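Numbers here are sequence positions counted from 1. As the structure is a prediction and not an experimental result, all values here were calculated from the model.
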Amino acid sequence: MMIRPFVLVFAVLFFALTSPVVAQGTAVLLKPQANVTGSYVTLGDIFSGLTPEQEEIAVAHAPQPGRQTVLDYRWLAGIAQRHKVAWRPSTTADQILIIRDSQTISIGEITDAVEESLVEYGIPEPFIVDLSGETFRIHIPVDNAAAITITGLDVNRRTGRFIAEVTTGDGTAQRRSYRMNGKFYPVDLIPVLVDGLQRGDVVREDQIVLRKFPSERLQAGIIRNADELIGKQARRAVRPNEPLSARDFTSPILVKRGALVTIRLETANMSLTARGKALEDGSEGDVIRVVNLQSNKTIQVEVIADNEVRAIQAMSQ
């Protein structure tokens with residue numbers, strides 16, 4: 001008969017130790033994750049169900065901006081006991097993920113800042129900066145100004161290589177510096193296509209933009225003037241955003257062999273037209289042979305438009 005009271009007492013103690021503890025009628029629960037913006041982690045970041053006073057207590061340094069850390073059950077149990085939080089781990093898997101929110105400064109923004117500093121250093125434009133070996137982004141606290149300063153620059157003009165000291169939070173307690181290596185290249189502005197072309201497509205003016213390319217990497221024979229592209233016809237498929245070779249384009253065929261054409265003969269005193277048949281293909285400005293269908297004579301003409309030619313004074317049978 002003495003066993004039942006003992007079992008009852010044991011069960012009460014077991015559930016008291018393993019169940020969430022209630023403070024002021026609210027269960028204190030461990031959060032699975034916390035995103036923090038400041039330099040410290042508070043009890044309120046970790047637990048729910050606390051009093052307002054408890055929530056504000058700082059218990060750990062936050063990770064660096066953009067980083068994260070895991071607080072395990074042992075650390076959590078010690079903090080809870082130290083600050084009289086009515087919580088204890090139920091399993092060894094209890095933990096919380098702490099993530100420090102941040103602003104990011106991209107490699108593109110860093111590149112722009114380095115370019116400005118190189119100009120101030122005396123490097124003549126145009127040029128581009130290559131930080132291809134640097135792929136990381138700089139994370140800074142969310143309450144800091146998202147600005148960077150180039151606080152040091154060591155340049156080798158002969159090779160184009162440089163070492164830049166990139167600083168965030170300059171003049172503040174959150175000041176941090178990063179050492180970055182790169183290279184600058186003198187460049188030319190080269191016309192490229194914003195869209196790819198298929199064989200036979202004709203280039204429009206609105207398809208052309210200028211891009212910077214390292215001068216030393218440009219091959220001979222590339223097109224350097226946008227006017228040389230407008231109205232040209234692709235000989236083959238052409239990819240966008242790449243330097244273009246003159247051999248990949250031709251003037252569009254305005255007159256095809258066998259096509260019927262309008263022959264124009266214009267002098268100071270008269271203007272005549274006749275029908276003809278083209279004996280060969282021709283682009284604008286090309287001189288080709290056509291047969292005048294009225295006289296049945298073969299004449300030389302200049303291509304001036306689609307299926308339209310201008311007679312040249314010299315004729316041949």
Identify all side-chain donor-acceptor contacts of residues 183-192 below 3.5 Å with residues at least two apart in sequence or on another chain.
unit_1	atom_1	unit_2	atom_2	d
Tyr185	OH	Arg217	NH2	3.0
Asp188	OD1	Ser215	OG	3.4
Asp188	OD2	Arg224	NH1	3.0

Of Arg236, Lys232, Arg199, the one forming a side chain to side chain donor-acceptor pair (under 3.5 Å) with Asp248 is Arg236
Between Gln33 and Leu97, is there a donor-acceptor pair closer than 3.5 Å when you use the side chain of the first and the backbone of the second?
no
With distance as the sole test, does Thr51 use its side chain to make a donor-acceptor pair with the main-chain N or O of Gln54 at under 3.5 Å?
yes
Enumerate the residue pairs fulfilling salt bridge (charged side-chain N to carboxylate O under 4.0 Å, His left out) with a member in residues 90-105, sequence neighbours excluded, ordered by first and then second residue.
none
Measure from the side-chain N and O atoms of Thr267 to the backbone N and O of Asn269, and report whether any donor-acceptor pair falls under 3.5 Å.
yes
Should side-chain heavy atoms under 4.5 Å link Ile, Leu, Val, Met, Phe, Trp and Tyr, which residues sit in the same cluster as Val142?
none
In residues 160-167, what donor-acceptor pairs under 3.5 Å come from side-chain atoms, sequence neighbours left out?
unit_1	atom_1	unit_2	atom_2	d
Glu165	OE1	Thr151	OG1	2.6
Thr167	OG1	Thr151	OG1	2.7
Thr167	OG1	Ser177	OG	2.8

Counting neighbours of CD on Glu284 that are heavy atoms of other residues, nucleotides or ligands and sit closer than 6.0 Å, is the number greater than 12?
no
Linking I/L/V/M/F/W/Y whenever any side-chain heavy atoms sit under 4.5 Å apart, do Val129 and Phe213 land together?
no
Identify whether Leu229 and Ile222 are in the same connected component of the hydrophobic contact network (ILVMFWY, side-chain heavy atoms under 4.5 Å).
no
Ile263 and Thr273, any side-chain heavy atoms less than 4.5 Å apart:
no
Can you list, pair by pair, the side-chain donor-acceptor contacts under 3.5 Å of residues 40-50, counting residues two or more places apart and other chains?
unit_1	atom_1	unit_2	atom_2	d
Thr42	OG1	Gly44	N	3.4
Thr42	OG1	Asp45	N	3.3
Thr42	OG1	Asp45	OD2	3.1
Thr42	OG1	Glu55	O	3.2
Asp45	OD2	Thr42	N	2.8

Does any non-hydrogen side-chain atom of Ile107 lie less than 4.5 Å from one of Met180?
yes
Under 3.5 Å: donor-acceptor pair, side chain of Glu280, backbone of Arg289
yes
If the condition is salt bridge (Lys or Arg N to Asp or Glu O under 4.0 Å), which residues does Asp170 pass it with, not counting sequence neighbours?
Arg175
